[in-house]
Amino acid sequence: MKIMLDAGHGTNTIGKRTPDGKMKEFEFNEAVAQLVTNELSTFGITVMHSHDKKRDVPLNERTTTANNVKVDAFISIHANAFGTTWNNARGIETFTYTKPSEQSIILASLIQNALCSITGRTNRGVKKADFAVVRDTKMPAVLVECGFMTNKQEAILLQSKDYRMRCAKAISFAILCWLNQKR
């Protein structure tokens, strides 16, 4: 089984940071992607990354790579934001494409439920959106938002090693459950 993880955005993407500038979104996304990689690798799953620490990889390059190597699933990891100032938006949500495959819906539901259970954060649900990484991939694909960088409480969590590990464990568990139900 081959899984592609995408640490959403890039290290230099403008505006993708906490309002106080203490954390770039890519820092959270990449840390969780690496923790998920470590976890899944112990189960013999091949994990690839569509992102690069040194450059912002264009969306079409991310999806083309996933399609060309024929991964079994594509998971894009993000930290959410509502505007650019501190506010009360909070919680976790997982997205599929507007016309998702049945397997995308199953994977999204598993990830959403696992994340909300292990973190105790507000469940904002599984939603549909026309995001390139879920639209242009040919395999089950989801985009997960693990909390709001614009919420002071969640921003603190997103910067903590414990919360990052909880997110990674939840995502890994959900992927393993999804892979098992496909067999």
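By the rule that hydrophobic residues join a cluster once side-chain heavy atoms approach within less than 4.5 Å of another member, Ile106 and Leu40 end up as members of one cluster. In terms of hydrophobic clustering, with Ile, Leu, Val, Met, Phe, Trp and Tyr side chains grouped at heavy-atom distances under 4.5 Å, Leu59 and Met4 are assigned to a common cluster. Val36 and Met165 are assigned to two separate hydrophobic clusters, defined by single-linkage of ILVMFWY side chains at heavy-atom distances under 4.5 Å. Linking Ile, Leu, Val, Met, Phe, Trp and Tyr residues whenever their side-chain heavy atoms come within less than 4.5 Å leaves Phe173 and Ile171 in two separate clusters. No single ILVMFWY cluster, assembled from side-chain heavy atoms under 4.5 Å apart, contains both Phe26 and Val32.
In this structure, the side chains of Gln153 and Arg90 stay at 4.5 Å or more apart for every pair of heavy atoms. At least one side-chain heavy atom of Leu5 sits less than 4.5 Å from a side-chain heavy atom of Val47. When side chains are defined from C-beta on, Ile92 counts as touching Cys116, because their heavy atoms get closer than 4.5 Å. Considering only heavy atoms from C-beta on, Ser76 stays 4.5 Å or farther from Val134 through its side chain.
Atoms CD1 and CG, from Ile45 and Leu179 in turn, are 5.0 Å apart once rounded to the nearest 0.5 Å. Atom CG in Asn67 sits 11.0 Å away from atom CG in Asn60 (nearest 0.5 Å). Here the CE atom belonging to Met23 is positioned 5.0 Å from the CG atom belonging to Leu158, to the nearest 0.5 angstrom. To the nearest 0.5 Å, atoms OG (Ser172) and CG (Leu35) are separated by 8.5 Å. The OH atom of Tyr163 lies 4.5 Å from the OG1 atom of Thr119; values are rounded to the nearest 0.5 Å. How far CD1 of Ile3 is from CG of Leu107: 7.5 Å, rounded to the nearest 0.5 Å.
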Could you go through the side chain to side chain contact (heavy atoms under 4.5 Å, CB included) check for Thr150 and Thr84 one step at a time?
-> CA-CA 7 Å; Thr150 51; Thr84 57; over 6 Å; no

Could you walk me through whether Arg121 and Leu157 pass the side chain to side chain contact (heavy atoms under 4.5 Å, CB included) check?
-> CA-CA 10 Å; Arg121 305 310 303 159; Leu157 288 173; 3.8 Å; yes

Using the side chain to side chain contact (heavy atoms under 4.5 Å, CB included) rule, take Ser50 and Val57 through it: C-alpha gap first, then chi angles, then the decisive distance, then the call.
-> CA-CA 8 Å; Ser50 64; Val57 179; 5.9 Å; no

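Every pair passing salt bridge (charged side-chain N to carboxylate O under 4.0 Å, His left out) that includes a residue from residues 4-16 is listed here, sequence neighbours excluded: Asp6-Arg62. Within the structure, no pair that satisfies the salt bridge (charged side-chain N to carboxylate O under 4.0 Å, His left out) test touches residues 74-88, not counting sequence neighbours. Judged as a salt bridge (charged side-chain N to carboxylate O under 4.0 Å, His left out), not a single pair has a partner in residues 19-28 (not counting sequence neighbours). Listed by first then second residue, pairs satisfying side chain to side chain donor-acceptor pair (under 3.5 Å) with a partner in residues 34-48 read Gln34-Asn38, Thr37-His49, Glu39-Lys169, not counting sequence neighbours. Counting only residues at least two apart or in different chains, salt bridge (charged side-chain N to carboxylate O under 4.0 Å, His left out) contacts with residues 75-89 are absent. For residues 123-133, the side chain to side chain donor-acceptor pair (under 3.5 Å) pairs, not counting sequence neighbours, are Glu93-Arg124, Glu93-Lys127, Gln112-Asn123, Asp130-Arg135.
Between the side chain of Asn87 and the main chain of Thr85, a donor-acceptor pair closer than 3.5 Å is present. A donor-acceptor pair under 3.5 Å links the side-chain atoms of Asn29 to the main chain of Ala79, judged by distance alone. Between the side chain of Asp72 and the main chain of Lys2, a donor-acceptor pair closer than 3.5 Å is present. A distance-only check finds no donor-acceptor pair linking the side chain of Thr64 to the backbone of Glu61 [under 3.5 Å]. Within the 3.5 Å criterion, the main-chain N or O of Ile118 finds a donor-acceptor partner in the side chain of Arg166.
Shown here are the side chain to side chain donor-acceptor pair (under 3.5 Å) partners of Asp56, two or more places apart in sequence or in another chain: Thr13. Scanning for side chain to side chain donor-acceptor pair (under 3.5 Å) contacts around Thr96 gives an empty result, with sequence neighbours left out. Looking at residues two or more places apart in sequence or on another chain, you find a ring-ring contact (aromatic ring centres under 6.0 Å, His included) between Phe131 and Phe95.
Within 6.0 Å of CG on Asn88 lie no more than 12 heavy atoms contributed by other residues, nucleotides or ligands.
Residues near Val126 contribute nothing to a hydrophobic cluster around it, because no ILVMFWY side-chain heavy atom sits closer than 4.5 Å to its side chain. Hydrophobic cluster of Phe82: the remaining members, joined at side-chain heavy-atom separations below 4.5 Å, are Phe148, listed by chain and number.
Phe28 approaches His78 most closely through the heavy-atom pair CE2-O, 3.8 Å.
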Would you give me the side-chain donor-acceptor pairs under 3.5 Å for residues 136-144, sequence neighbours excluded?
unit_1 : atom_1 : unit_2 : atom_2 : d
Thr137 : OG1    : Val133 : O      : 2.9

